[in-house]
Amino acid sequence: QAEDGIRDYKVTGVQTCALPILAAPTASGTFTPISSLTQGTSATTTEAHTDVFTGDNMTFSHTVTGSGVTATESNGKVQVTASGSASPVTYTVTVTATNAGGTATATISVTVVAANQAPQFTGDFEDIIVGKTPKGGTLYVENFKSKFSDPDGDTLTFTITSSATSVCTATENGNNIDLVFPDSMNIGQSTITVTAVDASGSNTSISKTFTVSIVEPKKVYVWTESE
């Protein structure tokens with residue numbers, strides 16, 4: 001023992017141990033493409049990250065080619081979001097798995113499609129004034145469908161309603177609107193609403209109105225000279 005009270009030790013051998021090396025992730029699977037992602041919506045991959053990558057202690061990051069599309073992790077899967085202004089083209093999302101041993105990548109093909117647009121009104125309806133007569137009848141608003149269009153070329157369906165059926169009823173008849181007046185010819189006004197529905201697209205609609213009025217006819221006096 002040394003004078004200062006510190007013991008002397010003799011090293012008789014050295015022990016060594018091998019630390020395990022963490023293996024880099026591997027991409028053992030693939031992501032199913034997202035083939036139809038509408039502008040302004042999101043979709044999640046069918047596969048989770050761990051369905052595609054094999055490895056320990058992995059973290060994940062996501063990059064996208066182009067602008068307007070983003071990708072994030074959501075409940076272990078990849079959630080891809082297309083903004084309303086995203087171009088309707090195919091994007092590539094690159095998913096990178098990382099751990100202390102290295103990285104591995106896999107890609108997702110994402111095709112963005114344009115959002116369906118609502119029908120548009122391209123014409124105008126004129127209000128109708130009818131003088132009361134002893135007997136009703138039918139008036140026709142011709143070719144009313146030409147006043148509507150659909151930017152996507154989808155087929156439009158129509159509904160037509162009358163707010164006061166005691167004044168007149170309104171029905172679709174081919175390309176015309178039939179306005180049918182009862183024999184009583186009630187003085188009053190009805191609002192006719194024409195609605196075009198994009199039934200084969202996004203099922204959105206647009207409506208336009210016009211009025212139909214029944215009024216008392218003006219009296220006409222005829223003066224004659226007596227002999």
Side-chain angles (χ1 to χ4, degrees), residues 33-44 66-70 79-91 109-218:
I34 299 175
S35 58
S36 183
L37 180 62
T38 303
Q39 292 169 325
T41 65
S42 298
T44 303
S67 60
V69 172
T70 58
Q79 179 173 289
V80 182
T81 301
S83 69
S85 60
S87 299
V89 297
T90 298
Y91 295 77
S109 176
V110 179
T111 301
V112 175
V113 296
N116 191 273
Q117 302 176 73
Q120 297 178 351
F121 187 65
T122 57
D124 198 11
F125 288 113
E126 295 183 357
D127 294 333
I128 297 173
I129 299 175
V130 179
K132 181 177 180 179
T133 61
K135 187 176 183 180
T138 302
L139 286 180
Y140 306 98
V141 178
E142 297 182 340
N143 202 26
F144 79 95
K145 293 180 181 178
S146 65
K147 302 180 186 297
F148 297 86
S149 67
D150 186 85
D152 304 304
D154 296 321
T155 300
L156 300 178
T157 58
F158 296 89
T159 57
I160 305 169
T161 60
S162 170
S163 66
T165 55
S166 60
V167 174
C168 71
T169 60
T171 57
E172 179 182 350
N173 182 7
N175 288 321
N176 300 334
I177 299 174
D178 287 358
L179 302 174
V180 181
F181 300 88
D183 288 342
S184 59
M185 289 291 282
N186 298 301
I187 300 298
Q189 185 179 85
S190 176
T191 298
I192 309 301
T193 302
V194 183
T195 302
V197 181
D198 181 11
S200 62
S202 58
N203 209 37
T204 54
S205 64
I206 185 173
S207 296
K208 287 294 178 180
T209 63
F210 63 95
T211 59
V212 177
S213 303
I214 297 179
V215 299
E216 287 284 3
K218 294 181 179 180

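Here Thr161 pairs with nothing under the side-chain hydrogen bond (donor to acceptor under 3.5 Å, both in side chains) rule; sequence neighbours left out.
At least one donor-acceptor pair under 3.5 Å links the side chain of Ser83 to the backbone N or O of Gly68. Side-chain atoms of Lys147 come within 3.5 Å of backbone N or O of Asp124 as a donor-acceptor pair. Side-chain atoms of Lys145 come within 3.5 Å of backbone atoms of Gly174 as a donor-acceptor pair (strictly under, hydrogens ignored).
Using a 4.5 Å heavy-atom threshold, the side chains of Asp150 and Pro119 count as touching. A heavy-atom distance below 4.5 Å is not found between the side chains of Val167 and Gln189. Within the 4.5 Å cutoff, no side-chain heavy atoms of Val80 are placed close to those of Tyr91.
The line from CD1 of Ile192 to CG of Asp127 is 10.5 Å long, rounded to the nearest 0.5 Å. Rounding to the nearest 0.5 angstrom, the gap separating the CD1 atom in Ile214 from the CD1 atom in Ile129 is 11.5 Å. Here the SG atom belonging to Cys168 is positioned 9.5 Å from the CE atom belonging to Met185, to the nearest 0.5 angstrom. Between atom CG of residue Asp198 and atom CD1 of residue Ile206 there is a gap of 11.5 Å, rounded to the nearest 0.5 Å. In this structure, the separation between CZ on Phe210 and CG on Leu179 is 5.0 Å, given to the nearest 0.5 Å. Rounding to the nearest 0.5 Å gives a distance of 10.0 Å between CG of Asn175 and CD of Glu142.
Shown here for Gln39 and Ala115, the closest heavy-atom pair between the two residues is OE1-N, 3.0 Å. Annotation for Ala118 and Thr204: closest pair CA-OG1, 3.3 Å, computed over non-hydrogen atoms. Among all heavy-atom pairs drawn from Ser184 and Lys132, the shortest one is O-CE, 3.7 Å. Across every non-hydrogen atom of Leu156 and Ala196, the tightest pair is CD1-CB, 4.3 Å. Scanning all heavy atoms of the two residues, the minimum distance from Thr38 to Thr41 falls at O-OG1, 2.5 Å. In terms of heavy-atom proximity, Thr157 sits nearest to Ala199 at OG1-CB, 3.9 Å.
Side-chain contact of Ser190 with Ser162: a donor-acceptor pair under 3.5 Å is present, judged by distance alone. Looking at Thr209 and Thr193, their side chains never bring a donor and an acceptor atom within 3.5 Å of each other.
Ring pair Phe125/Phe148 is tilted by interplanar angle, where 30° to 60° counts as tilted.
Annotation: Ile187, atom CD1; neighbour count of heavy atoms from other residues, nucleotides and ligands within 6.0 Å is above 12.
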### Task
Run the numbers on Thr111 and Ser35 for side-chain hydrogen bond (donor to acceptor under 3.5 Å, both in side chains), then give the verdict.
CA-CA 5 Å; Thr111 301; Ser35 58; over 6 Å; no
#### Entry: Verdict with supporting geometry, Asp178 and Tyr140, side-chain contact (heavy atoms from CB on, under 4.5 Å)
CA-CA 5 Å; Asp178 287 358; Tyr140 306 98; 3.0 Å; yes
### Query
Would Asn203 and Val197 count as a side-chain contact (heavy atoms from CB on, under 4.5 Å) if you check the C-alpha gap in whole Å, the side-chain angles of each, and the deciding distance to 0.1 Å?
CA-CA 6 Å; Asn203 209 37; Val197 181; 3.5 Å; yes
